[in-house]
Visitor: 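There's a structure below that I have some questions on.
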Amino acid sequence: MEEREAYVIADVLIEALPYIQRFKGKTVVVKFGGNAMVDEALKNSFARDIVLMKLVGLNPIVVHGGGPQIGQLLARLGKTSDFVDGMRVTDSETMDVVEMVLGGLVNKEIVNLINRNGGKAVGLTGKDGDFIRAKKLHIEARNKPDIEQQEIIDLGYVGEVSSIDPAVVNMLGCSDFIPIIAPIGVGEDGQSYNINADLVAGKIAEILKAEKLILLTNTAGILDKQGNLLTGLTLKDIDSLIADGTISGGMIPKTRCATDAIKGGVNRVHIIDGRVEHAVLLELFTNQGVGTLLLSR
Ligand SMILES: Nc1ncnc2c1ncn2[C@@H]1O[C@H](COP(=O)(O)OP(=O)(O)O)[C@@H](O)[C@H]1O
Ligand SMILES: CC(=O)N[C@@H](CCC(=O)OP(=O)(O)O)C(=O)O
């Protein structure tokens, strides 16, 4: 190694030092979106970021999505899905596929990736230890001029979190393990519910009193109508960006979960670009934050 190169590495490590000190022992919930999971190199860089976080004393908790992967298996079975406000309408057959893909394929792939990179990951769905209790999500048909009265749209087995028991996640996080969570909840009657992964990540961050919630996605962050990156957004800003249609589709549940997490006491939420290698490390340990930062005010 050239002497100059060694100095650059030393500089990078020194730049990271105050962040490592600040975040030592703190919980950081990271949501890994299905769209950010498409590239092998990116998946590996994500896994290494998580392993490094754990090794330097943070407590990373991963919640993953897998929307595109669910879509692929449904297509192979000749099924399609409708989406309402970024939520997949989920009939009983679709729920089986969601459980197989999220709880099986995707969850175990991430567990394996982290383990191959030197971590000790343990995969969970909300059914393990009964830790994510869910109930059916009801959403109102809003902003639809042809509907005069407020109408409730039936999304099938789409759930919202009714409660989270943090015991199992705390037990893993306090030891060497890294919990990897699939967003499936369980109802009173044992019914499985498909929950948007952003919503689960937000609730877990809130319940665990996480220092930060980092949502990885497939854009640079929240963009304005011209495609410019927005940052330093407050809860009021988010409401107006949703109202004027700047934020739409899958970005709606993402920003809603971010604002709920902030209201619930999470200090900072970052929506960052999962298409960039080592996006999580760049956000946590360097002076230049990446993506969109959301703040309480
Ligand atoms: N204002 C906005 N800024 C960025 N992305 C937006 C915005 N409004 C809508 N989107 C859409 O939201 C998508 C991210 O949501 P989603 O597809 O659910 O991601 P993920 O799979 O990472 O959860 C973006 O790819 C983009 O198409
Ligand atoms: C209700 C609902 O829409 N659930 C999502 C769960 C997966 C998810 O959230 O995946 P991403 O983070 O990759 O979008 C779905 O079925 O696609």
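Atoms within each ligand, like the ligands themselves, are counted from 1 in listed order.
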Visitor: I'd like to know if Gly250 contacts ligand 2, where contact means a heavy-atom distance under 4.0 Å to any ligand atom.
Guide: no
Visitor: Apply ring pair (Phe, Tyr, Trp, His ring centres under 6.0 Å) to Phe32 and list each qualifying residue two or more places apart in sequence or on a separate chain.
Guide: Phe46
Visitor: Looking only at protein heavy atoms, identify the closest one to atom 12 (O) of ligand 2 and say how far it is in Å.
Guide: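 Looking only at protein heavy atoms, the one closest to atom 12 (O) of ligand 2 is Lys31 NZ, 2.5 Å.
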Visitor: Return the residue, atom name and 0.1 Å-rounded distance of the protein heavy atom closest to atom 9 (O) of ligand 2.
Guide: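 Looking only at protein heavy atoms, the one closest to atom 9 (O) of ligand 2 is Ala197 N, 3.0 Å.
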Visitor: With backbone taken as N, CA, C and O and side chain as the heavy atoms from C-beta onward, which portion of Met37 lies under 4.0 Å from ligand 2: side chain, backbone, both, or neither?
Guide: neither
Visitor: Is any side-chain heavy atom of Leu241 closer than 4.5 Å to one of Leu230?
Guide: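 Yes; the side chains approach each other to less than 4.5 Å.
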Visitor: Quick one: are His270 and Leu215 in side-chain contact, heavy atoms under 4.5 Å?
Guide: no
Visitor: For atom 13 (C) of ligand 1, grab the closest protein heavy atom and report residue, atom and distance to one decimal in Å.
Guide: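 The closest heavy atom on the protein side is Asn218 OD1, 4.0 Å.
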Visitor: Would a 4.5 Å heavy-atom cut-off, applied to side chains only, mark Val56 and Phe285 as touching?
Guide: yes
Visitor: With distance as the sole criterion, is a donor-acceptor pair present between the side chains of Arg48 and Asn44 under 3.5 Å?
Guide: no
Visitor: Do Leu199 and Val161 come within less than 4.5 Å of each other through their side chains, counting heavy atoms only?
Guide: no
Visitor: Counting heavy atoms only, which part of Leu241 comes closer than 4.0 Å to ligand 1: side chain, backbone, both or neither?
Guide: neither
Visitor: So Ile181 and Ile132, do their side chains get closer than 4.5 Å, heavy atoms only?
Guide: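 Result yes, sub-4.5 Å side-chain heavy-atom pair found.
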Visitor: Please confirm whether Lys225 approaches ligand 1 to less than 4.0 Å, judged on its heavy atoms.
Guide: no
Visitor: Report the part of Asn194 in contact with ligand 2, treating N, CA, C, O as backbone and CB onward as side chain, heavy atoms under 4.0 Å; options are side chain, backbone, both, neither.
Guide: both
Visitor: Can you tell me which residue pairs pass the salt bridge (Lys or Arg N to Asp or Glu O under 4.0 Å) test with a partner in residues 188-198, sequence neighbours excluded?
Guide: Lys31-Asp198, Arg133-Glu188, Asp198-Lys254
Visitor: Atoms of ligand 2 less than 4.0 Å from Met87 heavy atoms?
Guide: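 Under 4.0 Å from Met87, ligand 2 has these atoms: 1 (C), 3 (O).
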Visitor: Consider ligand 1: state whether an atom of it lies below 4.0 angstrom from any non-hydrogen atom of Gly221.
Guide: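 Yes, Gly221 has heavy atoms under 4.0 Å from ligand 1.
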Visitor: Say whether Ser248 and ligand 1 are in contact under the criterion: heavy-atom distance to a ligand atom below 4.0 Å.
Guide: yes
Visitor: Looking at side-chain heavy atoms only, is the closest gap between Leu208 and Ile61 below 4.5 Å?
Guide: yes
Visitor: For atom 15 (C) of ligand 2, what's the nearest protein heavy atom and its distance?
Guide: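 Looking only at protein heavy atoms, the one closest to atom 15 (C) of ligand 2 is Arg88 NE, 3.4 Å.
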Visitor: Any side-chain heavy atom of Arg88 sitting closer than 4.5 Å to one from Asn194?
Guide: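 In short, these two side chains touch, coming nearer than 4.5 Å.
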Visitor: For atom 13 (O) of ligand 2, which protein heavy atom lies nearest, and how many Å away is it?
Guide: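 I find the closest protein heavy atom is Gly34 N, 2.8 Å.
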Visitor: Salt-bridged, Arg22 to Glu211, with N to O below 4.0 Å?
Guide: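 Not counted as a salt bridge, because no side-chain N and carboxylate O are separated by less than 4.0 Å.
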Visitor: Report the member of Met87, Lys254, Met37, Met251 with the shortest heavy-atom distance to atom 23 (O) of ligand 1.
Guide: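 The residue whose heavy atom sits nearest atom 23 (O) of ligand 1 is Lys254.
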Visitor: Answer with side chain, backbone, both or neither: which part of Ile195 has a heavy atom less than 4.0 angstrom from an atom of ligand 2?
Guide: backbone
Visitor: Below 3.5 angstrom, do we get any N/O pair linking Gly66 and ligand 2?
Guide: yes
Visitor: In the structure I gave you, are the side-chain heavy atoms of Asp154 and Lys136 within less than 4.5 Å of one another anywhere?
Guide: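 Side-chain contact under 4.5 Å: yes.
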Visitor: Closer than 4.0 Å and a protein heavy atom, does any atom meet both conditions relative to atom 27 (O) of ligand 1?
Guide: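 So far as the 4.0 Å threshold goes, atom 27 (O) of ligand 1 is out of reach of every protein heavy atom.
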Visitor: Tell me whether Leu230 reaches ligand 1 (any heavy atom closer than 4.0 angstrom to a ligand atom).
Guide: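 No, Leu230 has no heavy atom closer than 4.0 Å to ligand 1.
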Visitor: Around atom 8 (C) of ligand 2, find the nearest protein heavy atom and jot down its residue, atom name and distance.
Guide: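 Result: Gly65 CA, 3.7 Å.
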